[in-house]
2 protein chains.
Amino acid sequence: MLIISDVLRGHTETIILAHLINKDSYGYEINKAIQEKTQGSFELKEATLYTAFRRLEQAGCIISYWGGEETGARRRYYAITECGKKLYAENKTDWENAKQLIDKLTGACTN
Amino acid sequence: MLIISDVLRGHTETIILAHLINKDSYGYEINKAIQEKTQGSFELKEATLYTAFRRLEQAGCIISYWGGEETGARRRYYAITECGKKLYAENKTDWENAKQLIDKLTGACTN
DNA sequence: ACGCTATACCTCGCCTGTCAATGTATATTT
DNA sequence: AAATATACATTGACAGGCGAGGTATAGCGT
């Protein structure tokens, strides 16, 4: 039972959206950014990342396009849509509520 | 996509353990306590609750015994073990870490 | 007597997100 | 020539959550 992964479950999409709010990006870059941010203490697995991209794109929250790289491996860029921004905002408020809820529910019960 | 349920995923065990820290209890009572605590905004589903009991008992984190009710439906009481207290403490620190991590990762990326 | 509600437990089977394993391709470094 | 870094993608298994359904006891109203 990897607590970390189970607790982080469901945040993948929000994490991705957060990275697309200010600029378009691609999978590898987002993954690297996360690793740096967390000093390697958490890694969004590739399989998880790419399935999340599919989900988000299918839901209309992001759109993708191939980058015009002239050298190196090709990159699939993602851009956030209005729908994606909406989802991000919703997820953020949901998270604030969930945090309080969990804090309340996991506090030792004294009655 | 019910955010709430996915975000709460993995906290079921900690929630249960929190309720057993100070006194033995049984499924129905724990469920009611949660509903009151959250004013009905969140309900731990029965199926989820009982499967979690099985998991925790099998892991040696709780033990169960039948209550000596002389009237009404019989109750299966649960008591937390040392192992359970240890797990609870671990989950709490994990949660504190996870909270910070998620806050960091879901904050709009500006670089 | 009969149905309804509350208390109290339990299980089966589906759904969904995660992830290990595996595969592809290009460019650079050793 | 081989290893490493960049970059994408899929498959299949696994685990937790939960809808739907089931069992049993007790009390209340009609």
Side-chain angles (χ1 to χ4, degrees), chain A residues 1-17 19 24-36 42-59 61-62 64-78 87 91 98 102 105, chain B residues 1-16 24-36 42-59 61-62 64-78 87 91 98 102 105:
Chain A
M1 252 241 310
L2 277 174
I3 299 297
I4 272 296
S5 72
D6 237 359
V7 166
L8 251 25
R9 187 192 177 98
H11 294 284
T12 311
E13 297 182 6
T14 317
I15 293 171
I16 290 171
L17 293 173
H19 275 268
D24 295 6
S25 189
Y26 56 97
Y28 198 83
E29 187 180 49
I30 290 174
N31 216 8
K32 284 281 168 222
I34 291 165
Q35 277 172 253
E36 275 171 41
F42 165 64
E43 184 195 1
L44 225 181
K45 302 303 183 306
E46 290 199 347
T48 306
L49 189 68
Y50 288 111
T51 51
F53 280 143
R54 299 289 154 270
R55 266 201 314 277
L56 285 168
E57 186 159 26
Q58 206 164 8
C61 295
I62 57 174
S64 70
Y65 56 93
W66 287 101
E69 277 70 48
E70 278 159 33
T71 181
R74 85 249 133 98
R75 299 168 178 167
R76 187 197 280 275
Y77 282 88
Y78 296 95
L87 179 63
N91 285 2
I102 294 169
L105 290 173
Chain B
M1 252 244 309
L2 277 175
I3 298 297
I4 272 298
S5 72
D6 239 357
V7 167
L8 253 25
R9 188 194 176 98
H11 295 284
T12 312
E13 297 181 6
T14 318
I15 292 171
I16 291 172
D24 294 7
S25 190
Y26 55 97
Y28 198 84
E29 189 180 48
I30 290 174
N31 216 8
K32 285 281 169 221
I34 290 165
Q35 278 172 254
E36 274 170 43
F42 165 66
E43 184 194 0
L44 225 181
K45 301 304 184 305
E46 289 199 348
T48 306
L49 189 67
Y50 288 111
T51 51
F53 280 142
R54 299 290 154 270
R55 267 201 313 276
L56 284 169
E57 187 159 27
Q58 206 162 8
C61 295
I62 57 174
S64 70
Y65 56 93
W66 287 102
E69 278 67 51
E70 278 160 32
T71 180
R74 85 248 132 101
R75 299 168 179 168
R76 187 198 280 273
Y77 283 87
Y78 295 95
L87 179 62
N91 285 1
I102 293 169
L105 289 173

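By convention in this document, chain letters (A, B, ...) are assigned in the order of the sequence lines, proteins followed by strands, and residues within each chain are numbered from 1. All heavy atoms count here, side chains included; hydrogens, waters and symmetry mates do not.
- The aromatic rings of B:Tyr78 and B:Phe53 sit parallel, their planes meeting at an angle under 30°, below the 60° perpendicular limit.
- The B:Ala73 side chain lies nearest to D:dA24 when the options are D:dC8, C:dG17, D:dA24.
- Remark: A:Tyr26 is not in phosphate contact with D:dC8, judged by side-chain N or O atoms under 4.0 Å from OP1 or OP2.
- Using a 4.0 Å heavy-atom criterion, one finds that A:Glu46 contacts the bases of the nucleic acid, with or without backbone contacts as well.
- Minimum atom distance to the side chain of A:Thr71 is reached by C:dA27, of the listed D:dC8, C:dA27, C:dA8.
- Closest-nucleotide positions on DNA chain C for B:Lys32 and B:Phe53 were compared, and the one nearer the 5' end corresponds to B:Lys32.
- Using modelled atom types, no side-chain atom of A:Glu43 and backbone atom of A:Gln35 make a donor-acceptor pair closer than 3.5 Å.
- Residue A:Ala47 places its side chain closer to C:dA21 than to any other of C:dG17, C:dA21, C:dA25.
- Judged by distance alone, with hydrogens and angles left aside, the side-chain atoms of B:Thr51 form a donor-acceptor pair with the main-chain N or O of B:Ala47 at under 3.5 Å.
- Listed nucleotides: C:dC10, D:dC8, D:dG16. Nearest to the side chain of B:Arg55: D:dG16.
- No contact: B:Glu29 has no heavy atom under 4.0 Å from any strand.
- Contact annotation for A:Thr48: base contact, defined as any heavy-atom pair under 4.0 Å involving a base atom.
- Closest to the A:Thr12 side chain, of the nucleotides D:dC8, C:dA8, C:dT18, is C:dT18.
- A perpendicular orientation is assigned to the rings of B:Tyr77 and B:Tyr26, their planes being inclined by more than 60° (bins at 30° and 60°).
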